[in-house]
Amino acid sequence: MSELQLPEGVVPHLAETQDAVAQMLADQVAECLRLHLAENPEATLVVSGGSTPLPFFRALREKPLEWARVKVALADERWVPVSDPASNAALVQSELLQGAAADARLVLFHYANKGALDALPELEAAAAELPLPIDVLVLGMGNDGHTASLFPDAPELARAMDLSVEQRVMVMTPPSQAHQRVTLTLPVLTQARFTALHLKGQDKIATLARAIEAPADWSAMPIRAFLQAGLHVYWSP
């Protein structure tokens, strides 16, 4: 990644191991939350699912924070019950919200016994519990250039990435995915006070390089919308 020409103002954070990068990211996130809590009654942390953030979750949960004043939410969620192994919320509950961090409040984006579209009013109400701007946002990225559930093949992508849209959440139905998805929309995500992109592996560097080549074409690789000054990229081989 040291040879990759990042856009101006994008800050790289590199380490040789996944655990080292996870610790660096956890230190930064904890400091951002701590500083915000020093001047505000609560702080918001929005994270992503998948295997890459697991060491980060385990490092962050050990940080001495006033966790009861932290709201945690997911940038996106599969429309499956929390009991399903595919649930991002289940991952956050088992890997991040442990020990002292269990005092944090998890904002869920799933409702049992309802279809995703039918649950949109409840989903919007849940998203409204997150004061904007989000204090800390940690994103991942797929090899197709998606982030959150902003998938290139989702029919709803253009609306979800419309900066004038008032919806905080949208249901996404990308044909490439086995489940419907719920995602925070681009105007919510891009307002975050601190945004980190957490990556692992050479394949993700190759994807990032492709994204940098044509930053204006968001529809082909939605991650391009985030490659702006102020973004922090955390990467390990």
Side-chain angles (χ1 to χ4, degrees), residues 10 29 32 42-50 53 71-80 86-89 91-92 105-111 114-142 144-198 211 215-233:
V10 175
V29 167
C32 288
E42 63 183 17
T44 50
L45 168 64
V46 174
V47 297
S48 301
K71 285 183 178 178
V72 178
L74 284 150
D76 67 314
E77 179 61 288
R78 298 177 181 89
W79 196 255
V80 296
S87 168
N88 285 333
L91 181 75
V92 168
R105 179 158 181 266
L106 178 61
V107 177
L108 290 174
F109 290 126
H110 183 270
Y111 294 88
K114 272 196 173 185
L117 290 172
D118 292 335
L120 268 175
E122 289 95 332
L123 292 168
E124 280 290 336
E129 295 181 31
L130 301 173
L132 298 181
I134 293 164
D135 297 311
V136 178
L137 170 64
V138 182
L139 293 170
M141 180 187 71
D144 60 354
H146 86 267
T147 191
S149 278
L150 302 171
F151 285 88
D153 64 333
E156 305 85 359
L157 182 65
R159 182 162 177 78
M161 296 191 71
D162 182 347
L163 290 173
S164 67
V165 74
E166 294 184 358
Q167 287 176 254
R168 292 191 178 198
V169 292
M170 284 196 65
V171 176
M172 310 294 281
T173 58
S176 60
Q177 302 302 304
H179 303 286
Q180 284 183 310
R181 302 278 187 128
V182 174
T183 189
L184 292 174
T185 56
L186 189 66
V188 172
L189 295 170
T190 54
Q191 287 183 46
R193 299 178 194 274
F194 174 86
T195 302
L197 178 60
H198 187 192
D217 187 4
W218 296 1
S219 62
M221 299 185 78
I223 190 61
R224 288 172 172 154
F226 297 88
L227 299 180
Q228 302 175 8
L231 176 68
H232 291 252
V233 180

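As the structure is a prediction and not an experimental result, all values here were calculated from the model. Throughout, residue positions are numbered sequentially from 1 according to the sequence presented.
- V182 places none of its side-chain heavy atoms less than 4.5 Å from the side chain of D76.
- Between S219 and L157, the shortest heavy-atom contact is O-CD2, 3.6 Å.
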inquiry  = Could you go through L186 and D162, starting from their C-alpha distance and side-chain angles, then the distance that decides it, and tell me whether this counts as side-chain contact (heavy atoms from CB on, under 4.5 Å)?
reply    = CA-CA 7 Å; L186 189 66; D162 182 347; over 6 Å; no
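- A heavy-atom distance below 4.5 Å is not found between the side chains of V169 and T183.
- Residues R224 and A211 share a closest heavy-atom pair of NE-O, 2.8 Å.
- The CD atom of E156 lies 12.5 Å from the CZ atom of R181; values are rounded to the nearest 0.5 Å.
- By the 4.5 Å heavy-atom criterion applied to side chains, L139 and H198 are not counted as neighbours.
- Ion pairing of R105 with E42 is absent here, as no side-chain N (NZ or NE/NH1/NH2) approaches a carboxylate O to less than 4.0 Å.
- At distances below 3.5 Å, at least one donor-acceptor pair connects side-chain atoms of S48 with backbone N or O atoms of V138.
- With hydrogens and angles ignored, the 3.5 Å screen pairs a side-chain donor or acceptor of D135 with a backbone N or O of T44.
- Contact check for F226 versus M141: no side-chain heavy atoms found under the 4.5 Å cut-off.
- Ring geometry for Y111 versus W79: interplanar angle of 30 to 60°, hence tilted.
- Distance check: T195 OG1 to L189 CG gives 8.0 Å after rounding to the nearest 0.5 Å.
- Under the 4.5 Å side-chain criterion, counting only non-hydrogen atoms from C-beta, R78 is not in contact with Q180.
- Minimum heavy-atom separation, A89 to L106: O-CD2, 4.2 Å.
- Considering only heavy atoms from C-beta on, S87 comes within 4.5 Å of E77 through its side chain.
- Separation of atoms CG (L137) and CZ (R193) is listed at 13.0 Å; rounding is to 0.5 Å.
- Here the side chain of D153 pairs no donor or acceptor atom with the backbone of P174 at under 3.5 angstrom.
- Rounding to the nearest 0.5 angstrom, the gap separating the CG atom in N88 from the OG atom in S149 is 8.0 Å.
- To the nearest 0.5 Å, atoms OG1 (T190) and CG (L184) are separated by 11.0 Å.
- Taking 4.5 Å as the limit, some side-chain heavy atom of L197 sits within range of a side-chain heavy atom of I223.
- The CG atom of L120 sits 10.0 Å away from the NZ atom of K114 when rounded to the nearest 0.5 Å.
- F151 is not listed as a side-chain neighbour of P222, based on a closest heavy-atom distance of 4.5 Å or more.
- With hydrogens and angles ignored, the 3.5 Å screen pairs no side-chain donor or acceptor of K71 with any backbone N or O of L45.
- Listed here is the closest heavy atom pair of L163 and W218: CD1-CH2, 4.3 Å.
- Distance alone, capped at 3.5 Å, is enough to place a donor-acceptor pair between the R168 side chain and the L130 backbone.
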query = So L150 and M161, side-chain contact (heavy atoms from CB on, under 4.5 Å) or not? Walk me through it.
reply = CA-CA 8 Å; L150 302 171; M161 296 191 71; 4.2 Å; yes
